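The next block holds one structure in the form of structure tokens; read it before the comments.
Quick caveat: nothing in here was measured; it's all calculated off a predicted structure.
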Amino acid sequence: MSTRIPFLKGHGTENDFVIIPDPENALDLPRETVAALCDRRAGIGGDGLLHVVRSATHPEAAHLAAEAEWFMDYRNGDGSIAEMCGNGVRVFARYLQHAGHVTEGDLTVATRGGVKTVHIDKAGDVTVGMGRARLPEGEVTVSVGEHSWPARNVNMGNPHAVAFVDDLAHAGDLYSPPPFSPAAAYPDGVNVEFVVDRGPRHVAMRVHERGSGETRSCGTGACAVAVATARRDGTDPTVTGTPVTYTVDVPGGTLVITERSDGEIEMTGPAVIVAEGEIDADWLEGAVR
């Protein structure tokens, strides 16, 4: 490991990330190292970490190298590995633009949830093709304190439980994962979204992200919320044949989610690089002892 390691900090609707450029996949980033970097008091601080590597150099993405040059090796704030992060993909694309690897327009990014198509527009927003949602069958319930609600099971490459509530305050502090049942529905844990209506095709949400706690935004969660809301509202575009767009307010801003008649979902929102610098490798070695 070199004496100093380059890093950047970025966010998408205030879902923030430590960005580690490592094109040749030369860095060892075990769970405890990632957790130390994401620590908000003793580290850089972030909801997660974006490890930027070329697909051809990473054993989990080498088979995707012909489709996408870059692989988003995403980690949650506790260091655990995650399949996908919608806000993370937008910030990942913004980093590639910032570093001169890509320009405005279209690109592809490999993730553990598959290859994602991305468009960087001139106005500054980034649109990500999030693929199709899967809707596993079976009833799910989530709880906070004495409250419990039925939830829609939506998989966006990672698992979500979407609960419609009367007041977002009913979600509590979201420090701990909200209990859910049956346990078999989410053997590896779940992201839980609590949703209220704001107007026609306009909702607001709070989220507990698996491995990170409550975050200011969750891109895959916003997509799951839009999908669940469309089914609740009877506007499922795969049934009606008409695309549907929902505005989803998150604590950190607003995302716009469109589901097309073929089930493909697009998410549009901002992505910002706020700082860059160097990590002291001696500090990092001491932080993970």
Side-chain angles (χ1 to χ4, degrees), residues 2-27 29 33-34 37-38 40 43-58 61 64-65 67-77 82 84-113 115-130 212 215-220 222 250 252-256 266-281 284:
S2 61
T3 302
R4 293 185 179 276
I5 305 161
F7 82 94
L8 297 90
K9 182 73 181 285
H11 76 90
T13 49
E14 298 183 10
N15 193 190
D16 62 335
F17 308 96
V18 179
I19 305 165
I20 304 294
D22 182 23
E24 303 309 314
N25 195 28
L27 295 176
L29 292 173
T33 297
V34 174
L37 291 170
C38 291
R40 294 194 179 279
I44 297 167
D47 293 323
L49 182 142
L50 307 177
H51 183 207
V52 183
V53 301
R54 284 195 166 88
S55 298
T57 69
H58 199 288
L64 300 174
E67 299 178 68
E69 179 181 2
W70 296 96
F71 173 54
M72 184 180 78
D73 175 18
Y74 181 69
R75 317 295 181 87
N76 294 314
M84 241 296 285
C85 176
N87 287 322
V89 174
R90 296 203 321 279
V91 175
F92 189 95
R94 179 69 76 216
Y95 162 74
L96 293 178
Q97 181 188 33
H98 175 86
H101 297 304
V102 302
T103 58
E104 293 172 354
D106 298 329
L107 68 143
T108 53
V109 174
T111 76
R112 291 184 179 88
V115 174
K116 306 301 177 184
T117 58
V118 181
H119 180 80
I120 304 172
D121 69 32
K122 291 182 180 180
D125 280 348
V126 179
T127 298
V128 180
M130 300 291 287
S212 297
T215 60
R216 300 282 294 170
S217 179
C218 176
T220 55
V250 296
T254 298
L255 296 168
V256 177
E266 294 181 340
M267 173 185 63
T268 300
V272 181
I273 301 296
V274 298
E276 56 186 308
E278 295 180 323
I279 302 161
D280 187 295
L284 188 58

Indicate yes or no: at least one non-hydrogen side-chain atom of [X] is less than 4.5 angstrom from one of [Y].
X	Y	result
Ile5	Asp22	no
Asp47	Arg40	yes
Glu24	Arg54	yes

Check [X] against [Y] and note the closest heavy-atom contact, atom names and distance.
X	Y	value
Gly77	Cys38	O-CB, 3.6 Å
Ala110	Leu64	CB-CD1, 3.8 Å
Pro6	Ile20	O-CD1, 4.0 Å
Ser55	Ala65	CB-CA, 3.8 Å
Arg75	His51	NH2-ND1, 4.3 Å
Ala93	Val126	CB-CG1, 4.4 Å

What distance separates [X] [atom1] from [Y] [atom2], expressed to the nearest 0.5 Å?
X	Y	atom1	atom2	answer
Ile120	Arg90	CD1	CZ	11.5 Å
Cys85	Asn15	SG	CG	5.0 Å
Lys122	Glu104	NZ	CD	6.0 Å
Thr13	Asn87	OG1	CG	4.0 Å
His11	Ile273	NE2	CD1	9.5 Å
Phe17	Phe92	CZ	CZ	12.0 Å

Does any N or O in the side chain of [X] come within less than 3.5 Å of the main-chain N or O of [Y], such that one atom is a donor and the other an acceptor?
X	Y	result
Lys116	Gly86	no
Asp106	His119	no
Asn25	Val53	no
Ser217	Val250	no

Residues 91-101 vs side chain to side chain donor-acceptor pair (under 3.5 Å), sequence neighbours excluded, gives Arg94-Gln97, His98-Glu276
Looking at residues at least two apart in the chain, or sitting in another chain, which of them share a salt bridge (charged side-chain N to carboxylate O under 4.0 Å, His left out) with Asp280? Arg4
With sequence neighbours excluded, residues passing salt bridge (charged side-chain N to carboxylate O under 4.0 Å, His left out) with Arg216: Glu14
Only one of Ile44, Leu50, Val18, Ile19 passes side-chain contact (heavy atoms from CB on, under 4.5 Å) with Leu8; say which it is. Ile19
